[in-house]
Amino acid sequence: MPRVRFAPSPTGYLHIGSARTFIFNWLYARHNQGTMILRIDDTDVERNTQTSLDSIYDGLKWLDLNWDEFYRQSERLDLHRRMAREILDKGLAYRDFSPMVAEIEEKSHEDGHWLFNPEMRGMSTEESDRKAAAGEPFVVRFKVPRESREAVEFTDLVYGEQSKATADIEDFALLRSNGMPTYHMASCADDADLTISHVIRGQDHLTNTFKHILIFEALGVKPPEFAHLPLLIAPDGAKLSKRKHGPVVSVTTYRDGGFLPHSYVNFLCLLGWSPKNDREVMSREELVAAFTLEGVNRPNATVNFTEEDPYDPKATWLNAEHLRALPIEELAAQLLPFARAAGFDASPEKMLAITPLIRERIRTLREVATTADFFFADELPPYDSNELIPQKGDARMALAVLEKATEVLKSAEFTHDGLDAALRAAATDMKVKTGQMYQPVRVAVCGRKVAPPLFETLIVLGRETCLHRMERAIEQLPAGEIS
RNA sequence: GGCGCUAUCGUCUAACGGUUAGGACAGAGCCCUCUCAAGGCUUAAAUACGGGUUCGAUUCCCGUUAGCGCUACCA
């Protein structure tokens, strides 16, 4: 039974790349009847925030993603320290009493690659113990076995055979001078203790993996399998970041933008993974059934957003697809809060009546605001009365048509067939094309030319509202041109 | 700088040595039609470059270039 984990550090809101990492872990676990573990990697006390933690929970909840076990690293510090101590005692690590380098830049400016401080690495155990006992601050560093071993190797389930010369791995820290474990130490200690079988994470950790293998081996533990995921990048080629790309990197942007949680999960899955059979619109069950690590691609994937449109067009299209696949009742229920947020006095009944009319005209839930507005307005907002004039017609025709239609609507049966027959007959009667009949009526009741099909719209609006709006339209007609 | 990873239409991707290099989104056009959508059809659009290996390379190897990642007492 595989055991996988998603281990975010609560230092920002839930990033879409993190969300995807969770999803791939989750799909792997569900596909293989394994265990999904959520582990909060909060060893960096300075940068952790409760807001960030809340955002992670909110995002996962919205996406309807669950987990089977939960841990917080901050509650497991004893374990991390004990394991670090174990490595130190085995002589596989050493204390480094060098003062902390203030400037991060300092090291990177050096030409060569910093590996270790010979003085510290070579210090005798006695002296090291004495200095430690005297209270001198130190970090514990892993003693990378450059003499005894040529390279560290492993097989990545996505990227294949990996190898790195020990000569290229620096003596990384295990414990900070304040006693807190570093990410490498805490992560490996927990992965070992929680018997994680597969570590599925971003490719930015690929080169860290060599260090992690060293830690597992020092602990006398068999390393888990590793599967690294291609990164999500912005159209400008850079890694997605809030500072540079703004809210597009947050999952809440999509939630607030009216995306269905599952369609968004579907979209994220298609970034860096493919079922290899051209399937794109997939249910959650289908994703679980189709997901394998072999299907994960190696190149980074671009999230295609622009200044004008923060949403990837494919995400929008997928959302429209899922929207249409929803039962009317379900869609109406999803639409309701967005309608209310737009300031509409929306009742569930009315929403249910409108939903079939807009279902194929909206791509996101939020578009209910611009697509269904006239259904909810008591009084239509001002519109250009010239729009009432039919194609190849004039104000005189508009007036005639509107008056005729008003008569028809007073008595017509308010059903699709009833309205169709009555209005069509009226058009024939007046010797105008049906379009010349329908368009003025549409503008009169909707306040614009672009709207759902006319008869259904009239039915939902009801006879009374329709007649009122027709009356208002006739009043608004450009008077001068009529006589 | 060092080390690592990657490279197919604008974007997401398929083709695990032999295809007219396929699909989807976005774009263009046509059809359908009471407008707008939805739907149908059509169209344009790619193997980064240079060497090998091979009867044959998108596919395997090497190099170049480019992008990304790591190189912290961040994760």
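Naming: A, B, ... by sequence-line order, numbering from 1 per chain.
Remark: B/U43 base-pairs with B/G27. Criterion, Watson-Crick or G-U wobble with two distances under 3.5 Å. The pairing partner recorded for B/G1 is B/U71, the criterion being a Watson-Crick or G-U wobble arrangement whose two distances lie under 3.5 angstrom. Pair assignment for B/C16 gives none, since no Watson-Crick or G-U wobble pairing has each distance under 3.5 Å. Partner assigned to B/A7 is B/U65, using Watson-Crick or G-U wobble distances below 3.5 angstrom. With both pairing distances under 3.5 Å, B/U35 is matched to nothing as a Watson-Crick or G-U wobble pair.
Taking the six-membered ring for Trp and the full ring otherwise, the centers of A/F24 and A/F291 sit less than 6.0 Å from each other. Proximity of the aromatic rings of A/Y311 and A/F259 is defined here by a centroid distance below 6.0 angstrom, and this criterion is met. Taking the six-membered ring where the residue is Trp, the centroids of A/Y438 and A/F455 are separated by under 6.0 Å. Aromatic rings of A/H212 and A/F172 (six-membered ring for Trp) have centroids beyond the 6.0 Å cut-off, not under it.
In this structure, a donor-acceptor pair under 3.5 Å is absent between the side chains of A/R363 and A/T316. Side chain to side chain, A/Q73 and A/R76 fail the donor-acceptor criterion of an N or O pair below 3.5 Å. With 3.5 Å as the limit, one finds a donor-acceptor pair spanning the side chains of A/D190 and A/H80.
Dashed line: the shortest gap from a side-chain N or O of A/S163 to OP1 or OP2 of B/G4 is not under 4.0 Å.
Between the CG atom of A/L231 and the P atom of B/G67 there is a distance of 16 Å, given to the nearest Å. The nearest whole Å value for the distance from the CD atom in A/E153 to the P atom in B/C5 is 12 Å. One atom, CZ of A/F116, and another, P of B/C73, lie 15 Å apart when rounded to the nearest Å. If you measure from atom CZ of A/F226 to atom P of B/G4, you get 19 Å, rounded to the nearest angstrom. Rounded to a whole Å, the CG atom of A/N208 is 6 Å from the C1' atom of B/C70. In this structure, the CG atom of A/D312 is 9 Å from the P atom of B/C12, given to the nearest Å. Atoms CG (A/N304) and P (B/U11) sit 8 Å apart, rounded to a whole Å. As rounded to whole Å, 21 Å separates atom P of B/U33 from atom NZ of A/K449.
Considering only the side chain of A/T182, B/A75 comes nearest among B/A75, B/C34, B/A26.
With P as the reference atom, B/U47 and B/G10 are 9 Å apart, rounded to whole Å. On the P atoms, B/G4 is 26 Å away from B/C12, given to the nearest whole Å. B/G27 and B/A38 are spaced 10 Å apart, taking the P atom of each and rounding to whole Å. Nucleotides B/A57 and B/C62 are separated by 15 Å at their C1' atoms, to the nearest Å. The separation of B/A46 from B/C32, taken at their C1' atoms, amounts to 33 Å, rounded to a whole angstrom. With both ends at atom P, the span from B/G52 to B/U59 equals 14 Å, rounded to whole Å. B/C60 sits 12 Å from B/A15 when the P atoms are compared, rounded to a whole Å. Taking atom C1' in both B/A26 and B/U11, one finds a spacing of 8 Å when rounded to whole Å.
Both A/D41 and A/F210 lie near RNA chain B, and the one whose nearest nucleotide falls closer to the 5' end is A/F210. Projected onto RNA chain B by closest heavy-atom contact, A/Y183 and A/K239 fall at different nucleotides, the more 5' of which corresponds to A/K239.
Residue-level contact check: A/Q162 touches the backbone only, with heavy atoms under 4.0 Å from sugar-phosphate atoms and none from bases. Contacts of A/G202 with the nucleic acid, taken as non-hydrogen atoms under 4.0 Å apart, are absent. Residue A/F138 is classed as having no contact, given no heavy-atom separation below 4.0 Å to the nucleic acid. Across all strands shown, A/P452 has heavy atoms under 4.0 Å from base atoms, whether or not it also approaches the sugar-phosphate. Residue contacts for A/P440: at a heavy-atom cut-off of 4.0 Å it reaches no nucleic acid atom on any strand shown. Residue-level contact check: A/S98 touches the bases, meaning some heavy atom is under 4.0 Å from a base atom.
If you check distances only, the side chain of A/T207 never reaches the base of B/C70 with a donor-acceptor pair under 3.5 Å. For B/G22, the base has a donor-acceptor partner in the side chain of A/D278 [N/O atoms by modelled type, under 3.5 angstrom]. Under 3.5 Å, the side chain of A/K314 and the base of B/A24 form at least one donor-acceptor pair of N or O atoms.
The aromatic rings of A/H262 and A/H322 stand perpendicular to each other, their planes meeting at an angle above 60°, with 30° marking the opposite boundary.
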